[in-house]
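This report concerns only the one structure given below.
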Amino acid sequence: MKSFDIYNQNNILKIIVALNLLLVGTGSVLYTNRLITKLEAREEQYVQLYARSIAYLVDTNHVDAGDLTFVTSEILEANSTIPAIYMDPDGQIAMQRNIEVPAEYTPEETEKFLRQKTVDMKKKHAPLVVDMGNGVRGLVYYTNSNLLRQLTYFPYVLLMILAALSVLAYLAFSSSRRAEQNRVWVGLAKETAHQLGTPMSSLMAWVEYMRSDPDQFDGSITNEIEKDVQRLETITARFSSIGSVPTLKEENVNEVVRQFTDYLGRRISTKVKMSVTSQLPPNHMVRINKLLFEWVIENICKNAVDAMKGVGELRLNMVPLPHEEVAIDITDTGKGISKANMQKVFSPGFSTKKRGWGLGLTLAKRIVEEYHNGRLYVKSSEVGKGTTFRIILNKK
């Protein structure tokens, strides 16, 4: 059965959720627009009935003909939601419904206020004509009711809610993915540390055996083997500390970097020229976890050596920054990083090498930023010329 890479393949569940949200949003907009169209037509019918009722009311023949109770109470007063203004044939405002006029307005201010309303209403709907016969006509201006206005804005509110839900779903998926990655890394690291324990104990025993017979085993060789065994112990301690809150101590950053690069320099290609410079005071102290911080330097330096294919220059420079910060620049003369890959170099699983898991820089960034409250980023890079990584640590 072919394996499925959950980190690099498209997440089908995300696509399904996105499509569902799109379908719900589109369907809701279309359905709501249909309701709005129907409600607008219904409200226009109400206003037309309102206009005919006014015509009937002002028709003296109808007034003399009988009771107007039905017209006044059942039709004119039935409109309790649609704002409307009736303007008589003389151009005077004779009646208005469902419009809130400020109580403190004078009659002149009220007249001005209602006339402005008719202008606004005309932009929304053409006024309805009240035909009173003999060429005499009035006008009824109207606009949408509050209910219709709320329904008009409802699709946009719904889309905003769906967008917010989409963002929350994306964040939830991303958080779940990161949590799963973290569990994998922590479990792998601790299992590696556990597996290294047995062969390391055996190697230490062999070192002691070799020391007991200096005539047969050269002491310098034994010392170098012991250093490598101690190095394995350091690596084991690093892996064991993954997933736990590290202890930070005051360390002389100059000594830590120089000591580790001295060790590393003897174990990388002899064709790589390695140099360390510092503009910091000799005893500049920074709170770090030495084991983990050396791991950061090691990962960046080894990536640099790989980028140079074992030939070139590797320079480390330590400089003071404002606000009691320290910068450590690691520069190589390798192949550089393209702009397309600049944002991917710290992503888990990303690697330009045929071998490797692409976790070195990811772990380095996590150690610096999450454990030491610092920063790690690509300061500069040019394809074919080299790259500079910058580590920033705060003295506090």
Side-chain angles (χ1 to χ4, degrees), residues 220 223-224 226-228 230-235 237-238 246 248-337 345-346 360-361 363-369 371-382 385-396:
S220 61
N223 290 337
E224 287 302 315
E226 184 178 25
K227 288 181 182 179
D228 286 332
Q230 291 173 350
R231 179 66 181 163
L232 284 173
E233 289 180 333
T234 299
I235 293 173
R238 289 176 181 172
L248 305 183
K249 296 181 180 179
E250 292 281 348
E251 301 280 358
N252 187 327
V253 66
N254 288 297
E255 291 183 1
V256 171
V257 173
R258 290 185 186 279
Q259 288 174 2
F260 181 75
T261 51
D262 286 344
Y263 170 85
L264 188 63
R266 294 193 294 270
R267 285 161 176 78
I268 60 175
S269 173
T270 56
K271 296 181 181 180
V272 173
K273 182 181 178 181
M274 194 171 187
S275 62
V276 179
T277 57
S278 177
Q279 302 172 35
L280 300 175
N283 296 319
H284 193 88
M285 308 298 287
V286 177
R287 286 181 60 83
I288 60 174
N289 182 288
K290 185 177 178 180
L291 293 177
L292 293 179
F293 184 70
E294 287 178 348
W295 199 359
V296 172
I297 301 295
E298 178 180 357
N299 280 327
I300 298 175
C301 289
K302 285 186 174 180
N303 274 333
V305 173
D306 290 339
M308 296 185 291
K309 296 183 178 180
V311 180
E313 293 185 22
L314 182 59
R315 301 184 296 272
L316 286 82
N317 185 35
M318 293 172 279
V319 295
L321 297 178
H323 311 297
E324 297 186 305
E325 289 184 331
V326 173
I328 303 172
D329 292 335
I330 303 176
T331 304
D332 64 62
T333 56
K335 59 185 178 182
I337 303 171
V345 292
F346 297 109
L361 289 177
L363 289 171
K365 189 175 181 68
R366 180 175 179 180
I367 290 170
V368 172
E369 297 187 354
Y371 291 164
H372 292 85
N373 197 28
R375 283 172 285 165
L376 171 58
Y377 58 93
V378 179
K379 181 184 178 184
S380 62
S381 185
E382 188 173 349
K385 292 188 176 181
T387 302
T388 297
F389 283 89
R390 168 163 279 194
I391 305 168
I392 296 180
L393 299 173
N394 192 298
K395 185 176 181 181
K396 297 180 181 180

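Scope of the values below: all heavy atoms of this structure, side chains included, with no hydrogens, waters or symmetry mates.
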Calculate, to the nearest 0.5 Å, the distance between atoms NE2 and CD belonging to H284 and E250 respectively.
9.5 Å
Pairing residues for R266 by the salt bridge (charged side-chain N to carboxylate O under 4.0 Å, His left out) criterion, not counting sequence neighbours:
none
Which residues satisfy the side chain to side chain contact (heavy atoms under 4.5 Å, CB included) test with K385, sequence neighbours excluded?
E382
Donor-acceptor contact present, side-chain K365 to main-chain L376, <3.5 Å:
yes
Taking every heavy atom of E325 against every heavy atom of N394, the minimum-distance pair comes out as CG-ND2, 3.9 Å
Distance col, row I297:CD1 vs L292:CG, nearest 0.5 angstrom, shows 12.0 Å
So, do T331 and T387 sit near enough that their side-chain heavy atoms are less than 4.5 Å apart?
no
When rounded to the nearest 0.5 Å, the distance separating CD1 of I300 from CZ of R390 is 12.5 Å
For K290, give me all partners under side chain to side chain contact (heavy atoms under 4.5 Å, CB included), at least two apart in sequence or on another chain.
E251, V256, Q259, E294
By side-chain hydrogen bond (donor to acceptor under 3.5 Å, both in side chains), which residues pair with Q279, not counting sequence neighbours?
none
For the atom pair CZ (F293) and CD1 (I367), what is the distance rounded to the nearest 0.5 Å?
10.5 Å
Exam field: side chain N252 to backbone P282, donor-acceptor pair closer than 3.5 Å:
yes
Using the side chain to side chain contact (heavy atoms under 4.5 Å, CB included) rule, take M274 and I268 through it: C-alpha gap first, then chi angles, then the decisive distance, then the call.
CA-CA 10 Å; M274 194 171 187; I268 60 175; 4.0 Å; yes
Run the side-chain hydrogen bond (donor to acceptor under 3.5 Å, both in side chains) test against N223 and tell me which residues pass, sequence neighbours left out.
R211
Residue list, side-chain hydrogen bond (donor to acceptor under 3.5 Å, both in side chains) with K249, at least two apart or on another chain
none
Tabulate below the donor-acceptor pairs under 3.5 Å that side-chain atoms of residues 313-321 make, not counting sequence neighbours, or state none.
| unit_1 | atom_1 | unit_2 | atom_2 | d |
| --- | --- | --- | --- | --- |
| E313 | OE1 | R315 | NH1 | 3.1 |
| N317 | OD1 | T277 | OG1 | 2.8 |

In short, I330 meets C301 closest at the heavy-atom pair CG2-SG, 4.3 Å
Where is the tightest heavy-atom contact between L280 and S278, given as atom of each residue plus distance?
N-OG, 3.1 Å
Shortest non-hydrogen pair, G310 vs K271, comes out as O-CB, 3.3 Å
Kindly indicate whether the side chain of I288, heavy atoms from C-beta on, has any atom under 4.5 Å from the side chain of V253.
no
Go through the structure and list residues passing salt bridge (charged side-chain N to carboxylate O under 4.0 Å, His left out) with K227, not counting sequence neighbours.
E224
Closest heavy-atom contact between N289 and H372?
N-NE2, 3.0 Å
If you compare all heavy atoms of F346 against all heavy atoms of L361, which two are closest, and at what distance to 0.1 Å?
CD2-O, 3.6 Å
With sequence neighbours excluded, residues passing side-chain hydrogen bond (donor to acceptor under 3.5 Å, both in side chains) with T270
none
Roughly how far, to the nearest 0.5 Å, is the CG atom of L264 from the CZ atom of F260?
5.0 Å
For D228, which residues count as a side chain to side chain contact (heavy atoms under 4.5 Å, CB included) partner, sequence neighbours excluded?
Y263, R267
Nearest 0.5 Å, what's the CD-CD1 distance between E369 and I392?
10.0 Å
The criterion is side chain to side chain contact (heavy atoms under 4.5 Å, CB included); which residues satisfy it with S380, sequence neighbours excluded?
T388
